[in-house]
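Just below is one structure, and these are the notes that go with it.
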Amino acid sequence: MKVKDLLIGAAYYTEYMPYERVEKDMQLMKEAGINTIRIAESTWSTWEPHDNIFDFSKLHHVLSMAEKYDLNVIIGTPTYAVPSWLIKKYPDIMAITKHGQEIYGGRQHFDLTNPTFRKYCERITRRLMEEQKKYKCVIGFQLDNETRAANAANSGTQQLFVESLKQKYPDIDEFNHEFGLDYWSNRVNSWEDFPDIRGTINGSLSAAYKKFLRDVITGFLAFLASIVREYMRPDQFITHNFDYAWDDHSVGLQPLVDQPEAAECMDIAGCDIYHESNEDFTGIEIDFGGSIARSLKNDNYLVLETACQGLTQWLPYPGQIRLQAYSHLASGADSVMYWHWHSIHNAIESYWKGILSHDLKPNREYYEIKEYAGEMNKLKKSLLHLNKKSKAAILLDQRSLTGLDEFPINTVLTYNQIFRWMHDTCYKMNLETDIVYKESNFSDYKLLFVPALYSASKETIEKLRAYVQSGGHLILGFKSCFSDEELKIYPDSQPFMMTDLVGASYSDFTYPKNTALLLKDISGNEYKAPLSKWIELLIPSDAEVWARYDNPFWKDYAAVTHKKNGTGSVTYLGCYFEEKELEMLIKKVIQEEKVNISLRKEHFPVIIKEGMSENNKKIRYIFNYSSHSEEYCHDTDNLKVLLNNNEVLPLDGNEVVRPGATLKIEPWNLLILSEI
């Protein structure tokens, strides 16, 4: 399902405002070209101030004004932050973790499996759906908000986990064998004697419980979706604002939610993407976040939250809010929505600033949104519903992420860092990548990157083998094919079931000390490069050795190998090194194997992204993520200019860019070209 129009908007909370100003805000939104607001996901205690006593007056006021000003509305179910009276009445709703029972105050600190919690969630959701159903401005519904399972280990939750294990392993002896529970006498000889999961030292069991909690989230969102669907019109949609792993901003695959599974109950995927700005704005987070969001339904998606001003250190330079918006569209987004319209005046997120600052007056950010909203209104027929299909893909895997959390490579190298190492290198060299999963059909991709597939079933490995044997080119990262889906290490040469296609094997691994990478560049010149964090000592059989270790004791081992397998190939990366060397090796694979991928001469900060418009015309974005001007030399088919830095050109105009033409890109600006 796709939205009918490009959505430009923000989260809006009249209940947070220091005084009544709904109509004034909507007048300002309308003047700025904002056409959508997102409401209600934080307002349970406003709608239901006391048990079974409801007050939806603020909801009706906002929806009435939205209809007056012709604004679309996305309504969130208010289920991620509960009212205090509910916890006072039913304290067992709060999650119990390793640190004891959670204390009321924050959000998502409760047990999603608690029957009482679910009963009250259903009641408030049904009442909300009844209250909104007469308003035509409501175009869709957001389930909950960045849902979490709070690491809940309440007795009822643990019992459900045990029941799931009993279904998967009817024979308890098989369960003990698969999880290696004879170690330290952790064996469970009766399901009734199953110990408290909070005390386990078994990484496989801990990972299985984390997987169970992800399934709890999937079930909870499906539960909410089933309620909402009873009230929906055919033209409305269900979505959710999936977020990403976090380290002061979005950094990678979210470990706490199985997003592809959770998205099955939804019509459109949604996401929240946050990134650094000013000198640190690269577009990278928008790219990988968009690729993940796009993969959830294999379609366009909604950006339901992104920063306008955001955190203090994120304050954007002039032009960057506009550049950010086009960056989202170039990744396949059909909306750009900010958290939030207004900066709030108290509580924990007071200095996470919205579009308007605390004075609530139009400002630089407001006028920049107004500028690009006007541009997009002229261009949206060409830019909306961009269809993207890359020739390369990165295979992501949540079980492997969890596996490397339970069994870390070291304290400084995580699964997401390895994913980002591959993704960011491709991004900077202008090699666009899609995201796929073990369940995906990735046979059509010319090049497949696999970062640290630590957990791989035999079926998954057979699928990778089939990909190579049918002519695919696999770049396989270290620590791949090491354990099964329960994180039980395979008792054989590594990488398991892949040594013949890799043309090498290993059993020794360590951290590099006084060791460099010794390799040849594409021209055949040998040089040394830095190594860090991890090395595997590869013993080649019939593979080409593309890199070795510069260490007198490791010199006989390979660091990177490459082997042709019919028309396919496997390049195995046995160590962690810098992006410069990874880029060189990727180019070497593409050139030597004659992979049908065109390598661009442009490099970051000039980033090129492409897709097909709804009328099947190629759209090319050329971004400049830097504080200085850059040049773009056009070397392909004749394309016409839609946007030249800050100038929107007529769609029916004839400003054609011919091969060999050079165009200037201003700092923090872009060009948009279209097939004639």
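Here the structure is a predicted model, which is why all the values come from computation and not from measurement.
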For this session: Report the relative orientation of the aromatic rings in Phe117 and Trp44; use parallel for angles under 30°, tilted for 30 to 60°, perpendicular for over 60°.
Result: tilted
For this session: Return yes when atom NZ of Lys389 has more than 12 non-hydrogen atoms of other residues, nucleotides or ligands closer than 6.0 Å, and no otherwise.
Result: yes
Exercise. Does Arg294 come within less than 4.0 Å of Asp434, counting only side-chain N to carboxylate O?
Worked result: yes
For this session: Go through the side-chain N and O atoms of Asp272 and Asn241 and say whether any donor and acceptor fall under 3.5 Å apart.
Result: yes
Problem set entry | Side-chain H-bond candidate by donor/acceptor type, Ser206 with Glu406, under 3.5 Å | yes
For this session: Look at the rings of Phe288 and Tyr244 and say which category their plane angle falls in: under 30° parallel, 30 to 60° tilted, over 60° perpendicular.
Result: perpendicular
Problem set entry | Residues Lys428, Glu583: salt bridge by 4.0 Å N-O rule | no
For this session: Measure from the side-chain N and O atoms of Lys463 to the backbone N and O of Lys438, and report whether any donor-acceptor pair falls under 3.5 Å.
Result: yes
Problem set entry | Any donor-acceptor N or O pair under 3.5 Å, side chains Tyr437, Ser295 | yes
Exercise. So does Asp215 pair up with Lys211, basic N to acidic O under 4.0 Å?
Worked result: yes
Exercise. Hey, what's the ring geometry for Phe407 with Tyr454, parallel, tilted or perpendicular (30° and 60° as the breaks)?
Worked result: tilted
Problem set entry | Between Arg38 and Asn145, a side-chain donor and acceptor under 3.5 Å | yes
Problem set entry | Where Lys533 and Tyr511 come nearest, the two heavy atoms and their spacing | O-CD2, 3.2 Å
For this session: On the 0 to 90° scale, with breaks at 30° and 60°, tag the Phe478-Trp421 ring pair as parallel, tilted or perpendicular.
Result: tilted
Exercise. Side chains of Ser480 and Tyr572: is there a donor and an acceptor less than 3.5 Å apart?
Worked result: no
Problem set entry | Single hit among Arg107, Gln254, His240 for side chain to side chain donor-acceptor pair (under 3.5 Å) with Glu146 | Arg107
Exercise. Are Lys166 and Phe161 in a cation-pi setup, meaning NZ or CZ lies under 6.0 angstrom from the ring centre and within 45 degrees of the ring axis?
Worked result: no
Exercise. When you check the gap from the basic side-chain N to the acidic O, do Asp267 and Lys297 get nearer than 4.0 Å?
Worked result: no
Exercise. Taking the side chain from Gln158 and the backbone from Ala153, do they hold a donor-acceptor pair closer than 3.5 Å?
Worked result: yes
Problem set entry | Arg118 to Phe223 six-membered ring, cation-pi geometry met (6.0 Å, 45°) | yes
Problem set entry | Heavy-atom closest contact (Leu311 atom, Asp248 atom, distance) | CD1-O, 4.4 Å
Exercise. With a cut-off of 6.0 Å (strictly less than), are more than 12 heavy atoms of other residues, nucleotides or ligands near CD1 of Ile348?
Worked result: no
Exercise. Any side-chain donor-acceptor pair under 3.5 Å between Ser443 and Asn441?
Worked result: yes
For this session: Report the C-alpha distance between Lys609 and Asp287 in whole Å, list the side-chain angles of each, state the deciding distance to 0.1 Å, and finish with yes or no for salt bridge (Lys or Arg N to Asp or Glu O under 4.0 Å).
Result: CA-CA 10 Å; Lys609 304 184 77 169; Asp287 187 78; 2.8 Å; yes
Exercise. Using the ring of each side chain (for Trp, its six-membered ring), is Phe509 parallel, tilted or perpendicular to Phe482, with breaks at 30° and 60°?
Worked result: perpendicular
Exercise. To the nearest 0.5 Å, what is the distance between CD (Gln259) and CD1 (Ile217)?
Worked result: 10.0 Å
Exercise. Can any side-chain N or O of Ser291 pair as donor or acceptor with the backbone N or O of Ile435 at less than 3.5 Å?
Worked result: no
Exercise. Does a donor on one side chain and an acceptor on the other come within less than 3.5 Å for His340 and Glu349?
Worked result: no
For this session: Name the orientation class of the two ring planes belonging to Tyr427 and Phe604 (parallel below 30°, tilted from 30 to 60°, perpendicular beyond 60°).
Result: tilted
For this session: Drop me the distance from Gln108's CD to Thr79's OG1, to the nearest 0.5 angstrom.
Result: 8.5 Å
For this session: Scan side-chain atoms only and decide if Tyr415 and Gln398 contain a donor-acceptor pair under the 3.5 Å cut-off.
Result: no
Problem set entry | Gap separating the CZ atom of Phe419 from the CZ atom of Phe449, nearest 0.5 angstrom | 12.0 Å
Exercise. Cut-off 3.5 Å, side chains only: do Tyr625 and Ser327 have a donor facing an acceptor?
Worked result: yes
Exercise. Just by distance, with hydrogens left out, do Gln494 and Ser507 show a side-chain donor and acceptor under 3.5 Å apart?
Worked result: no
For this session: Using a strict cut-off of less than 4.0 Å between a Lys/Arg side-chain nitrogen and an Asp/Glu carboxylate oxygen, indicate whether Asp424 and Arg420 qualify as a salt bridge.
Result: yes
Exercise. Is it the case that Gln159 and Glu163 place a side-chain donor and acceptor less than 3.5 Å from each other?
Worked result: yes
For this session: Would you kindly say whether Asn176 and Asp182 are connected by a side-chain donor-acceptor distance under 3.5 Å?
Result: no
Exercise. Between the side chains of Thr157 and Asp111, does any donor sit under 3.5 Å from an acceptor?
Worked result: yes
Problem set entry | Lys/Arg N to Asp/Glu carboxylate O, Asp397 vs Arg399, below 4.0 Å | no
For this session: Inspect the contact between Glu432 and Lys388 and indicate whether a charged nitrogen and a carboxylate oxygen are less than 4.0 angstrom apart.
Result: yes
Exercise. With under 30° as parallel and over 60° as perpendicular, where do the rings of His275 and His328 fit, or are they tilted in between?
Worked result: tilted
Exercise. So, the side chain of Gln324 versus the backbone of Ala307: is there a donor-acceptor pair under 3.5 Å, distance only?
Worked result: yes
Problem set entry | Euclidean distance, Thr125 OG1 relative to Tyr120 OH, rounded to 0.5 Å | 14.0 Å
Seminar exercise, completed: Only residue of Ile394, Leu401, Leu253, Leu476 satisfying side-chain contact (heavy atoms from CB on, under 4.5 Å) with Pro451 is Ile394
